[in-house]
Protein chains: 2
Amino acid sequence: MKIGELAKAAHVEVETIRYYERIGLLPAPARSDNGYRAYAGMHLERLAFIRHCRTLDIALADITRLLRFVDDPSAECAEVNTLIDTQLARIRARLDSLRTLEQQLVVLRSQCDAPDRAAQCGILHELEAPTLGDACVCHDERRQ
Amino acid sequence: MKIGELAKAAHVEVETIRYYERIGLLPAPARSDNGYRAYAGMHLERLAFIRHCRTLDIALADITRLLRFVDDPSAECAEVNTLIDTQLARIRARLDSLRTLEQQLVVLRSQCDAPDRAAQCGILHELEAPTLGDACVCHDERRQ
DNA sequence: GCTTGACCCTGTAGCGGCTACAGGGTGTGT
DNA sequence: ACACACCCTGTAGCCGCTACAGGGTCAAGC
Ligand SMILES: [Zn+2]
Ligand SMILES: [Zn+2]
Ligand SMILES: [Zn+2]
Ligand SMILES: [Zn+2]
């Protein structure tokens, strides 16, 4: 299997595959006489595993750790659970902050419904507010 | 005002201020005889504006556009509204995908409650699933 | 045999928004 | 005289790719 074929099979860009090899995530394959990379089924399996993890937004460093369990099936998998829990906590923290952000933007947006000259714009006024030491409407609940 | 004083006043790292100057977001200040940057009140105002926008996760390029309205108070502010709307749409799209992600991780996590050897781990099995062309529990609703 | 085009190779730089140095100069206090 | 905090420039690193530049290889069609 040449790199382009592997890329198609795994729905990944060719450059991404070379990048994974460069950082040591995907093992370097054998080479054909012409120097082309020659992949085996194992590489497709790994790449599919990696991409599956990536759709779950798992970091490449963490995927490396997960792959160690794939390679050593007799190891205790407790670390896997911890890793997923950490990932979940990360996502939930991000969700919380994005929900706050959404509300702040909604409030900010409501400050200008009839676009006029910038000098009168409620949005710009709010964005300038903390400049003057005032509180802003968007961040009134809890600061920062 | 020296850079360290400005940094404290705006709760920003010194390096961040120099970075903003380098990319043209914060105007280069006058220099003292010793070559130190000498900031005026206007710089603190700008920096506060920028940081306020950043807490709303507005991109630096968009902040540049917003600052043009600050500098030209007679301009029509319609573009400001559009910019905030776009920002809100971006945040909401990200929220949607993170909510999906959270559910996928919850399902994945439920596949292993009693850590054992990796060979038996339901989480690792699920992550390997698409390798074998099978559907996975985490992505069963809508693919990708 | 010769050209076209699709593919492959290496190496490097760019994205965003900082952060962290290295290697130097300056200013203040004791 | 010395320490120490601060300032300067310039460069490289973080993440996960993406996009070249500048070359080599191979199969099909003329
Ligand atoms: Zn307005
Ligand atoms: Zn605010
Ligand atoms: Zn397990
Ligand atoms: Zn899945």
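The sequence lines fix the lettering, A, B, ..., with proteins before strands; numbering per chain opens at 1.
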Base of D:dG16, side chain of A:Tyr20 - is there a donor-acceptor contact under 3.5 Å?
no
Whole angstrom value for the distance that separates [atom2] of [N] from [atom1] of [X]:
X	N	atom1	atom2	result
A:Asp33	D:dG24	CG	P	18 Å
A:Ile3	D:dT18	CD1	C1'	14 Å
B:Ile58	C:dG17	CD1	C1'	15 Å
B:Arg18	D:dG10	CZ	C1'	11 Å
B:Glu21	D:dG10	CD	P	11 Å
A:Tyr39	C:dC7	OH	C1'	14 Å
A:Ile50	D:dC17	CD1	P	10 Å
A:Lys2	D:dG24	NZ	P	18 Å

[X] side-chain N/O to [N] phosphate OP1/OP2 under 4.0 Å:
X	N	result
A:Arg37	C:dC7	no
B:Asn34	C:dG27	yes
B:Thr16	C:dG17	no
A:Arg22	D:dT18	no

Assess whether a salt bridge exists between [X] and [Y], defined as any Lys/Arg side-chain N lying under 4.0 Å from an Asp/Glu carboxylate O.
X	Y	result
B:Asp72	A:Arg117	no
A:Glu79	A:Arg68	no
A:Asp71	A:Arg46	yes

Of the nucleotides D:dT18, C:dT19, C:dC9, which one has an atom closest to the side chain of A:Arg31?
C:dC9
Which of the following nucleotides, C:dG17, D:dT18, D:dC7, is nearest to the side chain of A:Glu13?
D:dT18
Within the structure shown, what part of the strands sits under 4.0 Å from A:Ala61 by heavy-atom distance: base, sugar-phosphate, or nothing?
nothing
Taking the nucleotide of DNA chain C with the nearest heavy atom to each, does A:Tyr36 or B:Arg51 sit closer to the 5' end?
A:Tyr36
Of B:Val14 and A:Asp57, whose closest DNA chain D nucleotide lies nearer the 5' terminus?
B:Val14
Do you see a donor-acceptor pair shorter than 3.5 Å between the side chains of B:Arg51 and B:Tyr20?
yes
Under 3.5 Å: donor-acceptor pair, side chain of B:Asn81, backbone of A:Cys112
yes
